[in-house]
Protein chains: 2
Amino acid sequence: MDAIRSHHLILMICDCRVEYEGRASSKLMWGRRIVLMKGDGSVVIHRPVGVEAVNWQPPPTVIHISSEDGYLKIVVVRRRPKEVLRIYIRSIDTLYTGKVRDSGEFYMYFDEEDLKKAILAHPELIEENFRIIRDEMEVEGGRVDLVGEDENGMKTLVELKKVGNMEAARQLLRYVSPIRRDGGKVRGILVAEKFNSGVKKFLKINGLEWREVRRHQVLSIIRKSRKLRRFMEGFKVE
Amino acid sequence: MDAIRSHHLILMICDCRVEYEGRASSKLMWGRRIVLMKGDGSVVIHRPVGVEAVNWQPPPTVIHISSEDGYLKIVVVRRRPKEVLRIYIRSIDTLYTGKVRDSGEFYMYFDEEDLKKAILAHPELIEENFRIIRDEMEVEGGRVDLVGEDENGMKTLVELKKVGNMEAARQLLRYVSPIRRDGGKVRGILVAEKFNSGVKKFLKINGLEWREVRRHQVLSIIRKSRKLRRFMEGFKVE
DNA sequence: CGTGCCAGGTGCCAT
DNA sequence: ATGGCACTTGGCACG
């Protein structure tokens, strides 16, 4: 239709059947769903329950519309990886097409990146007289989040995580081990909001350390940043 | 409204502002979005571009509706983890409320589970005279996908992945190492559709092996399964 | 209920 | 393009 060519939004509640073939394959039998076709080529299909979409196709896509056996057939093709989404529509309950403009900015806040910013601004969150030397550094075994020096000048690798799980602990060990193997002295600290059971023990056994940072500590630091002050307005930080 | 109490679907295109606070925090400034409130309590907010939702709240939720400063205010609360989504609505473009029923079945096909089924049915995909002994087994370091025996009766741990990346290789090594450390003889094979660069080398260095399975091999095996025949009808498997 | 692991993960940014 | 890694990841299976 014209709506697709003019990159409008198309929203349907319709009785449809959906097939997907690409990295995997799936088939969704007849039923009523919400089909969302966006101006950028994205297609999202929601069932009436569940927070996640049942089928989708990320842009860029090419969309073909035709009629087959009396059904409206919409084929959404993605090139790389090669994926095809086919929607067969038996009837349309509700249809909306139109231009929807949205220029509102979106701020995400307090993810790993913000934890890092807080530590960069206040290295004492790690410990007294701690200094950050590098932000993101390639080491044997991967890329460590921060490298610092403690008050005795000992090199320290810092790995940041929202949740300190076993995988994170192993990751840190992977960074520290080669250095120690080569005779280097290095500390390794896993920083997280929360630690799963067994992780602290694993760290201890392997000569590593941890810091539990509290959400409100980080928030109170970040909210001082002028850049984010407007963002914070309206939030009552508990 | 009544629509929420009666667990109906509510779909709006509206000019709104959204705040999220919970595991992280986010703020979305005024603009036009598609707001989807489902009968099970799920709430999904889409912008007019992008395949992913900008904000959401998974069920179970409690929904409060009120009026604040002349705006319609919808608050969606999730208990564990504690998360709050606040939607302030300035104007509504389009509104749909109603019961949407969808009983159509959904089949997903050719994920790791299907790769396993194919290998269970045809262990020769691993190698000639290979026998599967166990499906899913706890070992030191985690849970391995398959345990088998080669034609010489040597125990073999098999890890299945869609993509054989470094993480998968390390995972397999983690399963094999403790056994070898204790003097056990064991082979380790990483099975995947595709291997990232460096992974095969890493496996080789650590005395592990790999098998590259092709999609069509697995498909041709699975399509023979009666249970899935109906699913396959209509697919032209290339 | 937490813990681990997969996903058509998606997205972002590095080389 | 490929790889590495975080994510309000969500989801499921399992101890």
Side-chain angles (χ1 to χ4, degrees), chain A residues 18-28 42 44-45 50-59 78-85 106 108-116 136-138 141-145 159-168 170-171 192-199, chain B residues 18-28 42-45 50-59 76 78 80-85 106-116 136 138 141-145 159-168 171 193-199 215:
Chain A
V18 184
E19 290 172 1
Y20 158 77
E21 222 180 329
R23 286 169 291 176
S25 305
S26 76
K27 204 173 206 176
L28 177 60
S42 311
V44 186
I45 303 172
V51 75
E52 291 225 312
V54 61
N55 282 110
W56 66 93
Q57 190 73 287
R78 185 187 187 190
R79 273 303 157 82
R80 231 180 346 267
K82 179 66 183 290
E83 295 181 294
V84 183
L85 186 69
F106 180 69
M108 176 58 70
Y109 190 68
F110 199 66
D111 46 15
E112 192 188 292
E113 193 52 36
D114 289 308
L115 176 56
K116 185 193 283 180
E136 300 279 324
M137 192 174 83
E138 296 290 337
R143 192 177 58 197
V144 68
D145 289 322
E159 184 63 24
L160 308 175
K161 283 282 181 308
K162 277 179 82 77
V163 178
N165 59 13
M166 202 52 93
E167 188 50 43
R170 277 194 293 261
Q171 196 178 332
E193 279 183 78
K194 171 179 175 288
F195 286 83
N196 285 351
S197 76
V199 172
Chain B
V18 184
E19 290 174 0
Y20 159 77
E21 221 180 330
R23 286 170 291 178
S25 303
S26 75
K27 203 173 207 175
L28 176 62
S42 311
V43 175
V44 186
I45 303 172
V51 76
E52 289 224 313
V54 61
N55 282 110
W56 66 93
Q57 190 72 286
V76 187
R78 185 188 186 190
R80 235 182 340 272
K82 179 68 183 289
E83 294 180 294
V84 182
L85 185 69
F106 180 68
Y107 304 93
M108 177 57 71
Y109 190 67
F110 198 67
D111 46 14
E112 190 186 294
E113 193 53 34
D114 288 308
L115 176 56
K116 185 193 280 180
E136 300 279 324
E138 297 291 335
R143 192 177 58 200
V144 68
D145 288 323
E159 186 62 24
L160 307 176
K161 283 284 181 307
K162 277 181 81 76
V163 177
N165 59 13
M166 203 53 95
E167 188 52 42
Q171 196 178 332
E193 280 183 78
K194 171 180 176 287
F195 286 82
N196 286 352
S197 76
V199 172
R215 193 187 157 74

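Chain naming here is simple, since letters A, B, ... match the order of the sequence lines and numbering starts at 1 in each.
The CZ-P distance, from Phe195(B) to dG3(D), rounds to 13 Å in whole Å. Rounded to whole angstrom, the span from the CD atom of Glu136(A) across to the P atom of dT15(C) amounts to 11 Å. Between the P atom of dA14(C) and the CG atom of Asn165(B) lies a distance of 21 Å, rounded to the nearest Å.
The shortest side-chain heavy-atom distance between Gln57(A) and Val51(B) does not fall under the 4.5 Å cut-off.
Taking 4.0 Å as the cut-off between side-chain N and carboxylate O, Lys161(B) and Glu167(B) do not count as a salt-bridged pair.
Between the NZ atom in Lys162(A) and the CD atom in Glu193(A) there is a gap of 5.0 Å [rounded to 0.5 Å]. Taking NZ of Lys194(B) as the reference point, atom CG of Asn196(B) lies at 4.5 Å (rounded to 0.5 Å). We find the NZ-CG distance between Lys27(B) and Asn55(B) to be 12.5 Å, quoted to the nearest 0.5 Å. Rounding to the nearest 0.5 angstrom, the gap separating the CH2 atom in Trp56(A) from the CG atom in Leu85(A) is 10.0 Å.
Spacing of C1' atoms, dC7(D) relative to dG11(D), comes out at 14 Å, to the nearest Å. Distance check on atom P: dC5(D) versus dG8(C) gives 22 Å, rounded to whole Å.
Heavy atoms of Lys194(B) sit under 4.0 angstrom from primed sugar atoms or phosphate atoms, though from no base atom.
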Nucleotides 5-15 of chain D: protein proximity per nucleotide (B base, S sugar-phosphate only, - neither; heavy atom, under 4.0 Å): SSSBSSS--S-
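In this model, the phosphate group of dG4(C) is approached by a side-chain N or O of Asn196(A) to a distance below 4.0 Å at OP1 or OP2.
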